[in-house]
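When reading the values below, keep in mind they use all heavy atoms of this one structure, side chains included, and skip hydrogens, waters and symmetry mates. Sequence lines set the chain letters: A, B, ... in the order given, protein chains first and strands last, and positions in each chain run from 1.
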2 protein chains.
Amino acid sequence: MTGNGPSLIDVARAAGVATATAGRALGGYGQVSARTRERVLAAAAELGYRTNGLARSMITGSTQTIGVVVTDVANPFFATALSGITDVTHPAGFEVLLANTGGDLDAERRAITVMSEKRVDGVIVAAAQPGEGAHLKQAIGAGVPVVLIDRLVRGVPEADTVTIDNEHAATEAVAHLLELGHRRIGVITEAVSLVSGSRKRGLFPSAVRLRGYFEALRAAGIEPDEDLVGVARYDRGSAYDATMRLLAHAAPPTALLCTDNVLATGAYRAVQDRGLRMPGELSLIGFDDEPWTTLVRPELTVVEQPTYELGTRAGRQLLDRIADGGRPRRPHHVELHAKLVARGSTLPG
Amino acid sequence: MTGNGPSLIDVARAAGVATATAGRALGGYGQVSARTRERVLAAAAELGYRTNGLARSMITGSTQTIGVVVTDVANPFFATALSGITDVTHPAGFEVLLANTGGDLDAERRAITVMSEKRVDGVIVAAAQPGEGAHLKQAIGAGVPVVLIDRLVRGVPEADTVTIDNEHAATEAVAHLLELGHRRIGVITEAVSLVSGSRKRGLFPSAVRLRGYFEALRAAGIEPDEDLVGVARYDRGSAYDATMRLLAHAAPPTALLCTDNVLATGAYRAVQDRGLRMPGELSLIGFDDEPWTTLVRPELTVVEQPTYELGTRAGRQLLDRIADGGRPRRPHHVELHAKLVARGSTLPG
DNA sequence: CTGAAAGCGCTTACAG
DNA sequence: CTGAAAGCGCTTACAG
């Protein structure tokens with residue numbers, strides 16, 4: 001019960017004008033004489049009037065609100081992307097309705113439904129699963145523009161996308177290690193589809209990065225060794241364990257690539273605990289350039305993603321779509337480049 | 001233009017019932033026979049009907065949406081608190097309208113106004129400035145419950161608050177250092193009201209922590225030395241510079257307390273670059289226990305804030321308020337405790 | 001420039 | 001259980 005308060009009718013009555021006139025004075029549309037406007041504004045202030053955005057939106061057909069769906073706001077990656085989104089959309093007059101799915105597909109479906117019912121003008125989605133896009137397709141069908149961010153989803157060809165060139169990013173990281181002379185290069189990943197030749201070509205960043213890793217090795221004439229692939233759940237402890245297992249092998253890797261920032265914290269810790277010198281005994285590369293990567297010793301070599309820009313581009317793309325007012329147009333795909341930042345964890349020095 | 005689509009009237013017509021009946025079947029309120037419900041549901045599915053939440057909210061007086069206003073979502077502190085909020089409110093059926101103010105008071109005022117016009121059922125606010133609460137008071141007056149989080153604001157005695165016992169947190173940190181024998185204990189802070197005896201008693205965490213620092217010293221019979229207070233803007237670089245200045249003094253501190261996690265990254269780096277051994281030549285304490293604090297060597301001693309819980313408690317508090325339906329009730333104040341986690345940066349070992 | 005009327009899409013009494 | 005009517009609070013043609 002948002003304690004109703006005065007309506008436009010009350011303001012109009014107090015100002016001695018018609019509601020349509022009061023609406024024009026307060027809403028900044030149509031024509032009103034300066035004198036009338038003043039009287040209406042005075043009456044509104046006196047009564048403590050606030051526009052009912054619900055009623056307005058119902059008529060105008062626009063809520064000036066966009067939905068943003070992510071799997072985990074507490075992850076610095078999404079938090080940073082989110083700030084990129086708001087920095088672009090807020091000045092344009094749009095508010096953000098946020099949903100945190102925790103990677104649960106059902107939660108994502110519910111979020112999309114609710115946002116659609118609340119009549120958001122569009123949504124930006126970091127999907128929970130690459131295989132399931134029916135709910136997104138339905139939203140688009142209902143006239144809600146969708147921009148996919150960070151992750152591609154199968155079955156939604158109409159959606160705009162803003163992603164990072166993950167395959168190249170991984171390739172570049174491996175190339176860096178090859179150049180330094182490494183041949184036994186391991187990887188810590190949360191990708192499910194392990195097998196390099198799998199037919200289920202993954203669409204998610206971790207899967208794409210894993211593919212890049214495999215291909216870079218092959219291009220260098222090295223047959224990937226499954227013993228050098230450490231699979232972890234998406235948390236630090238699991239990455240720690242996976243790293244420890246790899247390092248305990250009879251023929252352990254001399255270099256390690258982590259496909260994500262969370263995994264990198266676990267791997268870094270494991271290498272420390274194992275007592276291996278970096279980069280002398282083991283070279284390590286992480287993903288995402290977070291503040292801590294230059295506080296550890298040695299500093300961590302990383303693949304730096306343009307995370308904030310991922311958000312700003314997605315925001316701008318959605319604003320464009322909304323401005324287009326649902327006119328059909330072919331989907332727009334933006335792919336941003338990640339950049340290798342070489343530091344002490346790989347560079348002998 | 002969210003391409004309007006079929007309305008309840010269309011569904012009712014297709015099902016051969018009155019709109020009121022169709023509404024009852026679809027909305028889950030009132031009484032409908034099973035047979036009628038089925039027919040309505042079938043018609044709705046056929047037409048691709050989706051409820052117009054705007055119209056519903058206008059009548060029910062509830063949007064099932066809360067506003068959350070923070071100064072910086074990209075800061076792990078707020079990102080984590082935010083996830084605590086959504087974890088509590090989302091299962092209760094509430095969506096989150098997010099505003100990122102960047103610490104700008106005007107942006108905060110606009111956000112509150114817009115959220116109020118969008119008829120959110122309540123707001124959780126991490127305020128930009130402690131001195132300015134008129135807009136919040138006004139929201140409360142209009143019937144929008146307000147829960148202040150992390151920071152107190154003057155002039156809004158009606159608001160619920162969920163904060164951390166910052167004075168005690170700082171006191172405990174200083175006590176730890178005193179116990180280890182330190183007498184020259186410095187502080188890196190972004191608090192503006194520097195002077196210990198200032199009459200403008202700060203309400204913000206940084207100011208309260210600074211007060212705790214001063215009082216802990218005095219309680220130990222040590223007169224605070226202004227030369228040991230390093231003031232920085234709220235960023236890593238500025239904290240780095242401030243720390244470097246302190247360490248360059250003729251009689252430098254032997255221990256340093258940082259009143260925030262961002263400042264701690266700058267200070268840690270400065271101590272490294274200065275070539276001082278921790279804790280032998282300098283002991284360091286930070287705020288907030290982030291993943292990196294156990295990756296650096298030595299590990300960082302910190303005051304660990306219950307950040308996630310700050311969010312869940314604020315969420316629950318707001319839900320309670322909303323459930324109360326605007327019935328006047330005295331404000332509720334929750335103060336959570338921070339905990340010192342002693343590690344290598346202070347413990348000789 | 002101003003006003004009277006219609007209507008956005010629902011839910012809520014009120015009858016039956 | 002079902003329906004006809006009223007109404008939530010605005011904006012939008014349509015006249016004047």
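Between Phe77(A) and Asp150(A), the closest side-chain pair of non-hydrogen atoms falls below 4.5 Å. Side-chain contact between His90(B) and Asn100(A) is absent, with no heavy-atom pair separated by less than 4.5 Å.
At whole-Å resolution of the value, CD1 in Ile9(B) and C1' in dC8(C) are 9 Å apart. Between the P atom of dC10(C) and the OH atom of Tyr49(B) lies a distance of 3 Å, rounded to the nearest Å. Whole-Å rounding puts the Asn52(B) CG to dG7(C) C1' distance at 13 Å. Per the geometry, CD belonging to Glu117(A) stands 12 Å off C1' belonging to dC10(C), to the nearest Å. When rounded to the nearest whole Å, the span between CZ of Arg56(A) and C1' of dG9(C) equals 18 Å. Atom P of nucleotide dT11(C) and atom CE of Met58(A) are separated by 11 Å, given to the nearest angstrom. Going from atom CZ of Arg119(A) over to atom C1' of dC10(D) covers 17 Å, rounded to whole Å. The CD1-P distance, from Ile59(B) to dG7(D), rounds to 13 Å in whole Å.
Heavy-atom neighbours of Glu132(B) CD from other residues, nucleotides or ligands within 6.0 Å: above the threshold of 12.
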#### Entry: side chain to side chain contact (heavy atoms under 4.5 Å, CB included) between Arg119(A) and Met58(A), intermediate numbers included
CA-CA 9 Å; Arg119(A) 295 310 200 251; Met58(A) 203 156 62; over 6 Å; no

### Worked verdict on Lys118(A) versus Thr63(A) for side chain to side chain contact (heavy atoms under 4.5 Å, CB included)
CA-CA 8 Å; Lys118(A) 286 188 189 305; Thr63(A) 53; over 6 Å; no

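In the interface, the side chain of Arg24(A) is paired with the base of dG3(C) through a donor and an acceptor atom under 3.5 Å apart.
With dT11(C), dT2(D), dT12(D) as the choices, the nucleotide that has an atom nearest any side-chain atom of Tyr29(A) turns out to be dT12(D). Checking dA4(D), dT2(C), dA4(C) against the side-chain heavy atoms of Ala18(B) singles out dA4(D) as nearest.
If you check dA13(D) for Watson-Crick or wobble pairing at under 3.5 angstrom, you find it has no partner at all. Nucleotide dA4(C) forms no Watson-Crick or G-U wobble pair with any nucleotide shown, as no partner meets the under 3.5 Å limit on both distances.
Remark on DNA chain D: of its neighbouring residues Ala55(A) and Arg35(B), the 5'-side contact belongs to Arg35(B), judged by nearest-heavy-atom nucleotide. Along DNA chain C, the nucleotide closest to Thr36(A) and the one closest to Thr19(A) are compared, and the more 5′ of them pairs with Thr36(A).
Nucleic acid contact for Ser57(B): none, since no nucleic acid atom lies under 4.0 Å from a heavy atom of the residue.
Thr60(A) has no side-chain polar atom (N or O) that falls below the 4.0 Å cut-off from OP1 or OP2 of dT11(D).
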